[in-house]
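See below for the structure under consideration.
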Amino acid sequence: MRVSSRPVVLALLLSLAVAGCGSGSGGGSASGGKLTVWLAVDAQESWPQLVQSTNDRFTKAHPGVQVEVQYQQWTTKNQKLDAVLAGKNVPDVVEMGNSETTNYIVNGAFAPLDPARFDQSDAWLPALADACRNDGKTYCVPYYVGARVGVYRTDLFTRAGVPGAPKTYPELISAFDRLKNTFGPEDPNFSAFYMPGRYWYAVMAFVKDAGGEIAVKDGSRWKSSLSSPASVAGLTEWKRLIDNYYVGDRAKDNGDQPGVAGQGHVAVFYGNTWEAGAAADERSGGDAKLKDKFATFPFPGPSGKLLPPFLGGSTLAVPAKSSRKDLAADWIKMFTDRESQKALIAANTLPNNTTQLAEVAAGGINGPSARAAATGGWMTPFAPGWTSVEKSNILPEMLERIANGKVSVQDATRDADKRIDEVINER
């Protein structure tokens, strides 16, 4: 999930932005000038060659047009975007987290795009494609996705007599029991399953697995449904797991999860594939001695199916005020086509479409993540006020109260429903 912008400020800025088209970011004619692309730093750090090759292809197809890529930090990107949308000089392409798009789309920030123009649009992952659609139109293009999996210490599994990664929920519970009984008596800080209380991306997967939802759409409005029987059942099972297998601060989130796992007191945690490497990387607070001792597996859920992961990813949009919309769409087309998706796969990133998920090596580090993503996963509600829900920290606060036993699951969810309903429909 990416940091979301302030919806009220955004609406005010966009009322100015969409009043008319300004001069755009580059100036000049369509055959020359500059195309400005805003990408998150992930591209700069993990697949700079893909960015360069796309720029080379683009300039060959459009001689005289210079591509300027400006890398943005996730924590400040939307605030900067809100500011420039009030003026005339906007970027021509912007990267958006798939949980960030709705408020921008409903307020007219992005130009509509023809999905037929883009490679494999009929196979885009729903968690990305749905974030780009409103009222039958498409306003952004899926870029890449990530899916959480189980990350485990292979050496601890061996010492505890656990025969490999669990494939079913009963096998998972059996593994936790063996790990707890083997290492818990000698290590009071040992967690067979590391799951801090405010880690809502993980916990909502249990809600979804039980058939529950954070919120559902009723006509044209959204209504929170955390207190539904199915949602309560999912949260109750999660609470049972942490009561039995997690030792640690229940008021924390997962921000330092790799570093904690690298301290040697954790057998299994639920996270992104890259966290397996980070747990053995001293730069992330991990321990280099644990290199090659972490592996991943698709996390089985209580339902008997794989636990549906939150599918967090990115999309690419063209601001409505850009005067180079056609050129911007062409750059996005090249950056997200089949060959570009192959480059992302090679960089241990999941592609934007179901077809190429099958190209991810099953035995590689990202194989379990691809299997998890293929389940369809889940996304936060595509509601105009979802940014307000996140900013209000309603879910983490609810979970912390449940995790610490301050209130029952039923009482905590009823309170959260009321708070969510107050803001989820705000534009």
Given the options Phe176, Tyr194, Tyr199, Trp238, Tyr246 meets ring-ring contact (aromatic ring centres under 6.0 Å, His included) only with Tyr194

Do Phe118 and Ile332 come within less than 4.5 Å of each other through their side chains, counting heavy atoms only? yes

Pairs flagged by ring-ring contact (aromatic ring centres under 6.0 Å, His included) wherever residues 270-308 is involved - sequence neighbours left out: Tyr152-Phe297, Phe193-Phe299, Tyr270-Phe299, Phe297-Phe299

Cationic N near anionic O, under 4.0 Å, [X] to [Y]:
X: Lys223; Y: Asp421; value: yes
X: Arg401; Y: Asp415; value: yes
X: Arg250; Y: Glu400; value: no
X: Asp287; Y: Lys289; value: no
X: Arg198; Y: Glu397; value: no
X: Asp411; Y: Arg414; value: yes
X: Arg419; Y: Glu422; value: no
X: Asp243; Y: Lys239; value: yes

Is it the case that the side chain of Thr315 and the backbone of Met96 share a donor-acceptor pair, with hydrogens and angles ignored and the cut-off at 3.5 Å? yes

Trp47 and Tyr144: aromatic ring centres closer than 6.0 Å? yes

Compute the centroid of each ring, for Phe335 and then for Phe58, and state whether the two points are separated by less than 6.0 Å. no

I'd like to know whether NZ of Lys252 has more than 12 heavy-atom contacts from other residues, nucleotides or ligands below 6.0 angstrom. yes

Quiz question: by atom type and distance under 3.5 Å, do the side chains of [X] and [Y] form a donor-acceptor pair?
X: Glu68; Y: Thr36; result: no
X: Asp337; Y: Ser340; result: yes
X: Tyr104; Y: Asp82; result: yes
X: Gln72; Y: Lys80; result: yes

Within residues 168-187 or reaching into it, pairs that qualify as salt bridge (Lys or Arg N to Asp or Glu O under 4.0 Å) - sequence neighbours excluded: none

Would you mind writing out the side-chain donor-acceptor pairs for residues 125-140 within the sub-3.5 Å range, not counting sequence neighbours?
| from | atom 1 | to | atom 2 | distance (Å) |
| --- | --- | --- | --- | --- |
| Asp130 | OD1 | Arg133 | NH1 | 3.3 |

Stacked cation flag Lys391 on Trp386, 6.0 angstrom / 45 deg: no

